[in-house]
**Q** 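Before anything else, here's the structure in question.
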Amino acid sequence: MATVSSGGLVTTVASGTSNISATAPSACFTWTDGPPYYQCSCTDTGTPQGSTSMGVGSGCAVPTNFVQVGQGQQQPDGSLQFSYTWQSSSGKLPDLSACSVFEYVNYPGTSSPYVWPSPPWYNTKSTNPTDDGVSGTDGQFTDDQLPYAIPGGGWLKPYVTAGFTATQKFEYVCNGGKDVTLMGPLSIVRTVGKNSNGSFYYKVTKNGSSGTINPLP
């Protein structure tokens with residue numbers, strides 16, 4: 001037999017059987033296990049606010065141990081590719097079904113969309129800010145920093161030396177709650193420069209790694 005407090009804490013009081021039903025409020029989760037019974041309540045970010053002798057319940061699970069896997073890898077097209085992985089605080093990725101992991105990128109200024117400056121970029125536009133995410137159950141994320149040439153291929157001429165910096169963060173949100181930063185802010189620097197022989201190059205740099213097209217065709 002068991003009693004249930006107004007806060008949802010279940011306590012065994014005698015041997016026997018009890019049927020208990022409860023509804024957790026939106027963006028909050030209450031979990032019990034037993035016997036004996038323990039309670040784990042979560043905030044809207046999924047952060048455990050109680051304790052349990054049996055570990056963290058699935059409703060309390062959040063992404064953790066978010067790491068970049070090695071350095072960024074330059075691809076044949078001059079883009080720069082980064083890989084990231086994370087784990088679940090419960091030890092089980094399926095417990096992150098109520099969570100999303102995403103990148104959040106701010107471009108210079110406040111305009112949306114952000115228009116990339118001058119050739120060789122062909123009036124390329126990016127939503128500002130930009131966010132792109134995956135389910136927390138994926139356990140991995142690939143970030144591709146693309147060269148952004150003319151749609152369909154090619155580059156716009158005449159080339160102009162130019163550059164700009166975007167700011168990137170990786171975040172998660174669980175149960176429709178608040179965004180929580182996993183990594184960042186990181187600077188993404190894109191540059192078009194001129195070589196001593198008069199040719200031009202494109203370079204993107206992030207977190208100590210670079211991708212380059214040199215010379216631009």
Side-chain angles (χ1 to χ4, degrees), residues 2 4-5 7-10 19-73 75 79-107 126-146 166-188 206-209:
V4 183
S5 71
L9 180 64
V10 179
N19 294 320
I20 301 171
S21 62
T23 301
S26 176
C28 186
F29 187 92
T30 300
W31 174 66
T32 59
D33 65 5
Y37 288 90
Y38 297 89
Q39 183 187 52
C40 175
S41 296
C42 300
T43 65
D44 57 1
T45 63
T47 305
Q49 296 298 293
S51 62
T52 170
S53 66
M54 303 292 287
V56 178
S58 62
C60 298
V62 297
T64 187
N65 298 328
F66 185 89
V67 296
Q68 178 181 305
V69 181
Q71 294 297 306
Q73 301 295 314
Q75 305 302 304
S79 63
L80 189 60
Q81 186 178 85
F82 292 85
S83 296
Y84 299 88
T85 63
W86 61 88
Q87 299 172 335
S88 169
S89 58
S90 70
K92 301 176 182 179
L93 283 174
D95 290 346
L96 298 178
S97 60
C99 302
S100 296
V101 175
F102 57 96
E103 64 167 338
Y104 187 89
V105 180
N106 276 109
Y107 290 87
S126 296
T127 303
N128 188 25
T130 299
D131 64 83
D132 182 27
V134 299
S135 171
T137 59
D138 287 3
Q140 59 183 354
F141 187 96
T142 300
D143 171 30
D144 293 303
Q145 299 299 323
L146 303 174
T167 302
Q168 179 186 50
K169 292 191 298 183
F170 291 94
E171 302 179 331
Y172 75 80
V173 61
C174 295
N175 301 307
K178 299 177 182 178
D179 299 348
V180 179
T181 299
L182 289 164
M183 180 182 291
L186 305 172
S187 293
I188 305 171
K206 192 190 89 166
N207 213 20
S209 299

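Heavy-atom basis, side chains included; hydrogens, waters and symmetry copies ignored. Being a predicted model, the structure only gives us computed values, none of them experimental.
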**Q** Would the distance check show the side chain of S100 and the main-chain N or O of V173 forming a donor-acceptor pair, the cut-off being under 3.5 Å?
**A** no
**Q** Run the side chain to side chain contact (heavy atoms under 4.5 Å, CB included) test against Q87 and tell me which residues pass, sequence neighbours left out.
**A**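 T64, N65.
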**Q** Can you confirm whether Q140 is buried at CD, in the sense that more than 12 heavy atoms of other residues, nucleotides or ligands lie under 6.0 Å from that atom?
**A**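 Atom CD in Q140 is not crowded, with 12 or fewer foreign heavy atoms closer than 6.0 Å.
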**Q** Tell me yes or no: between the side chains of Q168 and K206, is some donor less than 3.5 Å from an acceptor?
**A** yes
**Q** Please lay out, stage by stage, how F170 and F141 fare under the test side chain to side chain contact (heavy atoms under 4.5 Å, CB included).
**A** CA-CA 10 Å; F170 291 94; F141 187 96; 3.9 Å; yes
**Q** Before giving the answer on side chain to side chain contact (heavy atoms under 4.5 Å, CB included), spell out for M183 and Y84 the whole-Å C-alpha distance, their side-chain angles and the decisive distance to 0.1 Å.
**A** CA-CA 10 Å; M183 180 182 291; Y84 299 88; 3.9 Å; yes
**Q** What closest approach, in Å, do A61 and S89 show between heavy atoms, and which atom pair accounts for it?
**A**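 Result for this residue pair: CA-OG, 3.3 Å.
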**Q** Give, for atom CD of E171 and atom CG of L182, the distance between the pair rounded to the nearest 0.5 Å.
**A**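 Here the interatomic distance stands at 8.0 Å.
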**Q** Donor-acceptor check, side chain of D143 to backbone of F82, threshold 3.5 angstrom: yes or no?
**A**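 Looks like no, no N/O pair under 3.5 Å.
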**Q** I'd like to know whether V101 forms a side chain to side chain contact (heavy atoms under 4.5 Å, CB included) with F66, so could you lay out the CA-CA distance, the side-chain angles of the two residues, the decisive distance to 0.1 Å, and finally the verdict.
**A** CA-CA 10 Å; V101 175; F66 185 89; 4.0 Å; yes
**Q** To the nearest 0.5 Å, what is the distance between CG on L96 and OG on S90?
**A** 6.5 Å
**Q** What pairs of donor and acceptor atoms, side-chain ones from residues 131-138 against any protein atom, are under 3.5 angstrom apart with sequence neighbours left out?
**A**
| from | atom 1 | to | atom 2 | distance (Å) |
| --- | --- | --- | --- | --- |
| S135 | OG | T137 | N | 3.2 |
| S135 | OG | T137 | OG1 | 2.8 |

**Q** Between P63 and C174, is there a side-chain heavy-atom distance shorter than 4.5 Å?
**A** yes
**Q** Residues two or more places apart in sequence or in another chain: which of them pass side chain to side chain donor-acceptor pair (under 3.5 Å) with N207?
**A**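 Expected list: Q68.
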**Q** List the steps and the verdict of side chain to side chain contact (heavy atoms under 4.5 Å, CB included) for L186 and T167.
**A** CA-CA 6 Å; L186 305 172; T167 302; over 6 Å; no
**Q** Which pair of heavy atoms, one from Q71 and one from Q73, lies closest together, and at what distance?
**A** O-NE2, 3.2 Å
**Q** Is a salt bridge present between K169 and D179, judged by a nitrogen-to-oxygen distance below 4.0 Å?
**A**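 Result for this pair is no, no salt bridge flagged.
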